[in-house]
Amino acid sequence: MERAKSMLEARDIIAGYGAAEQILKGASLHVEAGELVTIIGPNGAGKSTFLKTIAGLVPPKGGTILLEGRDVTRMSALDRAKSGFAFVMQERNVFGALSVKDNLELAYAGPRSGFAGVKDEIIARYPVLGERRGQLARTLSGGQRQILAMAMALLTKPKIMLLDEPTAGLAPKATNELFDAILALQATGMPILMVEQHALEALRISTRGYVLVSGRDAATGAGPQLAEDPEIRRLFLGG
Ligand SMILES: Nc1ncnc2c1ncn2[C@@H]1O[C@H](COP(=O)(O)OP(=O)(O)O)[C@@H](O)[C@H]1O
Ligand SMILES: [Mg+2]
């Protein structure tokens, strides 16, 4: 019997930068419809490289990437974005010198006449962006900036969202608020693949998780179950 197609599947990915030793040494993962999947792992493990390879920003030297069963491994980042990947990078994911509204307008790819309606939808979902629509993006708080970056990604009407450390540098309260926003996005049916440093908190809210160590999957399972795993707690809590 044929297995249902995953939203995203990355199989045995080998990738790195230039001639140096490969960073990803056969990493695999999959994301099913409606899932929130989190990758955790030590600094330098290759988490960002994995997301970049999936988004088409780093060409893989081996392995296969499938979006809803379609092979996108050799597709450019632009074509991948057009086929449904939205990637919110860890840094510089908004234009600081532009207003919130102009950031949204830049990200919007549909017909000009449609922007006002789409903007209203986004503001209904993220009221803070309405309150601050005229403000320069660089004056937003870290959490608000991440919301703006997520909203910009949503404007491309993606099939899946890739988030690289959305809570990096945020205080605990802002981290929790952002996790709530990510859960709310998942509740709309959007599949999400994220990398997180707040490892245990992120796993607790995730459908499934992967632990990436030295470019390979060291462990995988249901998020809350991984968060209670003594070995993983030892690695990520140091106790
Ligand atoms: N653009 C790049 N050029 C060369 N090496 C890089 C580049 N980006 C990352 N690396 C290296 O790849 C390794 C994995 O980095 P990264 O994927 O960012 O890890 P993580 O996100 O898990 O912290 C690190 O050793 C890092 O120095
Ligand atoms: Mg990283």
Side-chain angles (χ1 to χ4, degrees), residues 36 38-39 43 47-52 54-58 76-188 190-198 201-202 205:
L36 168 57
T38 296
I39 307 171
N43 254 329
K47 304 181 297 297
S48 293
T49 303
F50 205 178
L51 287 193
K52 287 180 197 161
I54 289 169
L57 299 171
V58 171
S76 72
L78 179 60
D79 286 339
R80 257 183 250 206
K82 286 178 182 163
S83 25
F85 287 97
F87 181 26
V88 180
M89 287 184 272
Q90 194 174 335
E91 283 164 334
R92 280 172 286 182
N93 49 26
V94 302
F95 298 96
L98 298 182
S99 70
V100 167
K101 176 177 167 286
D102 286 352
N103 269 276
L104 293 172
E105 193 156 358
L106 253 182
Y108 173 68
R112 257 201 97 64
S113 58
F115 178 66
V118 169
K119 189 189 69 187
D120 291 346
E121 277 171 38
I122 286 285
I123 285 172
R125 186 181 299 178
Y126 303 114
V128 67
L129 298 181
E131 290 156 22
R132 295 174 192 268
R133 56 161 70 90
Q135 212 172 301
L136 297 187
R138 67 160 174 265
T139 67
L140 297 175
S141 71
Q144 291 162 353
R145 198 153 58 224
Q146 287 300 330
I147 293 285
L148 175 58
M150 270 171 40
M152 289 167 73
L154 277 177
L155 285 174
T156 66
K157 298 222 174 292
K159 291 181 174 154
I160 184 166
M161 290 270 265
L162 312 175
L163 308 177
D164 196 354
E165 293 198 25
T167 69
L170 298 189
K173 182 164 176 280
T175 295
N176 288 332
E177 285 170 4
L178 195 63
F179 280 158
D180 285 344
I182 290 168
L183 282 171
L185 180 58
Q186 182 203 8
T188 69
M190 179 67 68
I192 302 166
L193 173 63
M194 70 174 177
V195 166
E196 259 297 329
Q197 280 297 326
H198 293 101
E201 295 92 325
I205 62 163

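No salt bridge links Glu121 with Arg125; every basic N to acidic carboxylate O contact stays at or beyond 4.0 Å.
Without hydrogens or angle criteria, Glu105 side chain to Phe115 main chain gives no donor-acceptor distance under 3.5 Å.
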- Task: Might you work through the side-chain contact (heavy atoms from CB on, under 4.5 Å) test for Tyr126 and Leu148, ending with a clear yes or no?
- Result: CA-CA 9 Å; Tyr126 303 114; Leu148 175 58; over 6 Å; no
- Item | side-chain contact (heavy atoms from CB on, under 4.5 Å) between Asn93 and Gln146, worked out | CA-CA 8 Å; Asn93 49 26; Gln146 287 300 330; 3.5 Å; yes
- Trace of the side-chain contact (heavy atoms from CB on, under 4.5 Å) decision for Met89 with Asp164: CA-CA 5 Å; Met89 287 184 272; Asp164 196 354; 5.6 Å; no
- Task: Carefully, step by step, assess Val94 and Leu140 under the rule side-chain contact (heavy atoms from CB on, under 4.5 Å).
- Result: CA-CA 11 Å; Val94 302; Leu140 297 175; over 6 Å; no
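Minimum interatomic distance between Gly96 and Leu136 (heavy atoms only, all atoms of both residues): O-CB, 3.7 Å. Between Pro158 and Ala86, the shortest heavy-atom distance links the atoms CB-CB, 3.5 Å. Pairing each heavy atom of Leu162 with each of Ala55, the nearest pair is CD1-CB, 4.0 Å. The shortest heavy-atom contact between Ala202 and Met194 is CB-CE, 4.0 Å. Across all non-hydrogen atoms, the minimal contact from Asn103 to Ala137 is ND2-CB, 3.5 Å.
Using a 4.5 Å cut-off on side-chain heavy atoms (C-beta onward), Thr49 and Lys52 make no contact. Side-chain contact between Leu57 and Phe87 is present, with at least one heavy-atom pair separated by less than 4.5 Å. Pro166 places a side-chain heavy atom less than 4.5 Å from the side chain of Glu196. Between Phe95 and Asp102, the closest side-chain pair of non-hydrogen atoms is not below 4.5 Å. No side-chain heavy atom of Glu201 sits less than 4.5 Å from a side-chain heavy atom of Ile205. The closest side-chain heavy-atom distance from Leu104 to Met152 is below 4.5 Å.
For the atom pair CG of Leu193 and OG1 of Thr38, the computed distance is 8.0 Å after rounding to the nearest 0.5 Å. Between the CG atom of Leu178 and the CG atom of Leu163 there is a distance of 8.0 Å, given to the nearest 0.5 Å. Considering CE of Met190 and NZ of Lys159, their distance stands at 11.5 Å, rounded to 0.5 Å. Atoms OG1 and CG, from Thr175 and Leu170 in turn, are 4.5 Å apart once rounded to the nearest 0.5 Å. Distance CD/Gln135 to CG/Leu129: 10.5 Å, rounded to 0.5 Å. Put simply, CD on Gln186 and CE on Met161 are 12.0 Å apart, with the number rounded to the nearest 0.5 Å.
Remark: Arg92 engages no residue in a salt bridge (charged side-chain N to carboxylate O under 4.0 Å, His left out) (not counting sequence neighbours).
Classification of the Phe179-His198 ring pair by plane angle, with boundaries at 30° and 60°, yields perpendicular.
Just one of Ile122, Leu155, Ile182 meets the side-chain contact (heavy atoms from CB on, under 4.5 Å) condition when paired with Met150; it is Ile182.
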